There are 2 protein chains.
Amino acid sequence: MGRHREFDVEKVLDAAICVFWRKGYEGASYADLTEAAGVERPALYSAFGNKEALFRKALVRYYERYVDYVPAALQLPTAREVAAHLLQGAIDLTTRYPDHTGCLGIQGVLAGSDEAEPVRQALIEARAEAEAQLRQRFERAKAEGDLPETARPDTLAAFLMAVLHGMAVQAKAGFSRDTLEAVAEQALSTWPTDAREGSLRPKPQP
Amino acid sequence: MGRHREFDVEKVLDAAICVFWRKGYEGASYADLTEAAGVERPALYSAFGNKEALFRKALVRYYERYVDYVPAALQLPTAREVAAHLLQGAIDLTTRYPDHTGCLGIQGVLAGSDEAEPVRQALIEARAEAEAQLRQRFERAKAEGDLPETARPDTLAAFLMAVLHGMAVQAKAGFSRDTLEAVAEQALSTWPTDAREGSLRPKPQP
DNA sequence: GGGCTTTAATAACGGTCATTATGAAAAAGG
DNA sequence: CCTTTTTCATAATGACCGTTATTAAAGCCC
């Protein structure tokens, strides 16, 4: 009973992702969102709630569609492969689309009026959860003998997250893909290697 | 002739720095600025021009007063000391003041409505200039034999900037000083060392 | 001390923001 | 076909944005 919805909810979410990605949570206005989605304002409100709810749903879909390399990376056999795959995935994600570079998740953490506070907190928590998963993965690697006994999983996770975030900022500032790959290679050159396995890329300078 | 200005321009700039630092360029409103400065709106306009001009002047003072560790670092004798001093300076800057963490310069690069575009471009240029200075410093180090022949100054500069930016993001997300110092230590552990000089901190895990 | 100039403070300006009331259009049930 | 229910589109709401007239106060020169 009743009229049917005439637009595709997931397509609208994809359009919202692009807008938030390019302009951030605060920078994206409803005028931008409706124009990109081809849907009028009240339709967005009835389908998703207010702006914050729309952003959260877009963020969930963003993680599923664009940041799927993270769970994939965590299942790789060695800690070094996990790190390498994460770095490469981040480079792809932040440079693939010229009109919205960087990372949607990072955009919201920084920009900072008061009304964005709950969104910022949500992004901080998501980031902390990702780092926790990474740390646990490195602890497992240590237990498996994949990382040396002297390795500190928490430091490695924090360091890797710092490089990933820094590359996202640099991508937003217009860094080329080649430069970011050099950065990732330099970061990987610090990776602690167990005595049993040889380093894949022993020196950053060939 | 005429009435004297009753407020201190530099104190107002310092207050503006704190507001922009905490809320970013877009997130800071004139209501925030006037409240922090204790000065009414028209006084800000007559003394500094519009919001963008005020931000630019605050940014110059920010560099002078808070980021003075960068020129100091560039004059240190070895490339590794330069990098270590930059990392330590960034940690201090981004964690010293609990009410405005992170880096004022990074805040503006990301948040992204259209009217912030000139400010964003200015910050991107400033960031690029800093990286160029760093690269030139590392080229000099290479020429002086302080870095090995295989070292790539551009990569080292880009990598260091990525770690610095990543730490700024993490500081905004609430990272502790100790964690950031561990990250910096991990980043330094990759530093290419010439055969002649020993590494200061040869392994990140003690 | 009066005339002139500069600053200070109040209040208003147009514009845009997120959000929503209002009523027309469309689909399903009886 | 008519009623009911849901969605659609137009347009309005109050609040806040950056910016600026406007008016009152304060200091210097003659």
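All chains are named by letter (A, B, ...) in the order of the sequence lines, taking the proteins before the strands, and each is independently numbered beginning at 1. Computed from a prediction, not measured in an experiment: that's the story for all the values here.
The closest side-chain heavy-atom distance from B:Val183 to B:Leu87 is not below 4.5 Å. Looking at heavy atoms from C-beta onward, A:Val70 lies out of side-chain contact with A:Leu134 at the 4.5 angstrom threshold.
In this structure, A:Leu33 places its CG atom 10 Å from P of C:dC17, rounding to the nearest Å. The distance between atom CD of A:Glu52 and atom C1' of C:dC17, rounded to the nearest whole Å, is 16 Å. Here the C1' atom of nucleotide C:dA9 and the CD atom of B:Glu35 are 17 Å apart, to the nearest Å. A:Lys23 has its NZ atom 13 Å from the C1' atom of C:dC17, to the nearest Å. If you take CD of B:Glu40 and P of D:dA21, they are 18 Å apart, rounded to a whole angstrom. The separation between B:Phe7 atom CZ and D:dA26 atom P is 17 Å, rounded to whole Å. Going from atom CG of B:Leu44 over to atom C1' of C:dA9 covers 13 Å, rounded to whole Å. Spacing between atom CD of A:Glu115 and atom C1' of C:dT19 amounts to 12 Å, rounded to whole angstrom units.
Looking at A:Thr179, its side chain never comes within 3.5 Å of a backbone N or O of A:Phe175 through a donor-acceptor pair. In this structure, the side chain of B:Lys142 does not engage the main chain of B:Arg137 through any donor-acceptor pair within 3.5 Å. Remark: side-chain polar atoms of A:Arg135 are not paired, donor with acceptor, to backbone N or O of A:Leu156 under 3.5 angstrom.
Each of B:Gln170, B:Arg177, B:Glu181 was compared with B:Thr95 under the side-chain hydrogen bond (donor to acceptor under 3.5 Å, both in side chains) criterion, and only B:Arg177 meets it.
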Mind listing the N/O atom pairs, protein and nucleotides 12-17 of chain D, below 3.5 Å?
{"unit_1": "D:dC17", "atom_1": "OP1", "unit_2": "B:Ser29", "atom_2": "OG", "d": "3.4"}

Pull out every protein N or O sitting under 3.5 Å from an N or O of nucleotides 23-27 of chain C, one pair per line with the distance.
{"unit_1": "C:dA25", "atom_1": "N3", "unit_2": "A:Arg3", "atom_2": "NH1", "d": "3.1"}
{"unit_1": "C:dA27", "atom_1": "O3'", "unit_2": "A:His4", "atom_2": "NE2", "d": "3.2"}

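A ring-centre distance under 6.0 Å is found for B:Tyr30 and B:Tyr45. Separation of the B:Trp21 and B:Phe55 ring centroids does not fall under the 6.0 Å cut-off.
Under 4.0 Å is where a charged nitrogen must lie from a carboxylate oxygen, and between A:Arg140 and A:Asp146 no such pair does.
Of the side-chain N and O atoms in B:Asn50, none sit less than 4.0 angstrom from OP1 or OP2 of D:dG18. Phosphate contact (OP1/OP2 of C:dT20, side-chain N/O of A:Tyr45, threshold under 4.0 Å): absent.
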